[in-house]
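The structure appears right after this line, and notes come after that.
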Amino acid sequence: KRARNPDAVCIHLLDEFLERMATAQLPVLLCGVQPDLHKTLRKIGISSRLKPEQIFLEEPGVYSSTLK
């Protein structure tokens with residue numbers, strides 16, 4: 001939710017983190033994902049490594065994606 005304008009380093013670190021968690025067989029949930037970040041994740045293929053139910057897009061309302 002706080003990654004509003006991720007740069008290449010941020011995306012690379014996220015990618016490495018997801019790889020480590022997959023190796024450890026630990027699920028990752030992305031919560032409060034903003035449209036621009038979601039577009040970037042789709043464009044570079046990171047979102048394809050996660051199931052749709054692991055990505056919670058930001059919605060109007062306080063804590064809406066967190067509660068989902």
Side-chain angles (χ1 to χ4, degrees):
K1 185 173 186 171
R2 304 280 188 264
R4 299 212 179 266
N5 297 307
D7 60 8
V9 173
C10 178
I11 296 297
H12 178 72
L13 290 172
L14 176 60
D15 190 43
E16 286 184 341
F17 173 75
L18 291 173
E19 185 64 35
R20 288 194 314 272
M21 295 302 101
T23 299
Q25 297 181 344
L26 295 171
V28 173
L29 303 177
L30 300 181
C31 185
V33 176
Q34 297 188 7
D36 287 346
L37 176 58
H38 191 237
K39 181 179 177 181
T40 299
L41 296 177
R42 282 193 326 258
K43 186 183 241 184
I44 61 175
I46 288 179
S47 64
S48 66
R49 294 174 42 198
L50 298 169
K51 296 176 184 174
E53 59 268 16
Q54 289 177 272
I55 301 175
F56 297 90
L57 302 177
E58 182 179 57
E59 295 179 3
V62 178
Y63 304 121
S64 60
S65 62
T66 303
L67 294 173
K68 282 185 174 181

>> Using the rule that Ile, Leu, Val, Met, Phe, Trp and Tyr join whenever any side-chain heavy atoms are under 4.5 Å apart, tell me whether I46 and L26 fall into a single cluster.
In response: yes

>> Hydrophobic clusters here meaning ILVMFWY residues chained together by side-chain heavy-atom distances under 4.5 Å, can you tell me if L13 and M21 are in one?
In response: no

Which pair of non-hydrogen atoms, one from [X] and one from [Y], has the smallest distance, and what is that distance?
| X | Y | value |
| --- | --- | --- |
| H38 | I55 | CD2-CG2, 3.9 Å |
| V28 | L50 | O-CD2, 4.3 Å |
| E19 | R49 | N-NH2, 3.1 Å |

> Hey, what do you get for NE2 (H12) to CG (D7), rounding to the nearest 0.5 Å?
Replying inline: 11.5 Å

>> With a 4.5 Å cut-off on side-chain heavy atoms, are D15 and I44 touching?
In response: no

>> Quick check: do I11 and L37 have side-chain heavy atoms less than 4.5 Å from each other?
In response: yes

>> With side chain to side chain contact (heavy atoms under 4.5 Å, CB included) as the test, pick out the partner of S47 among V33, L41, T40.
In response: L41

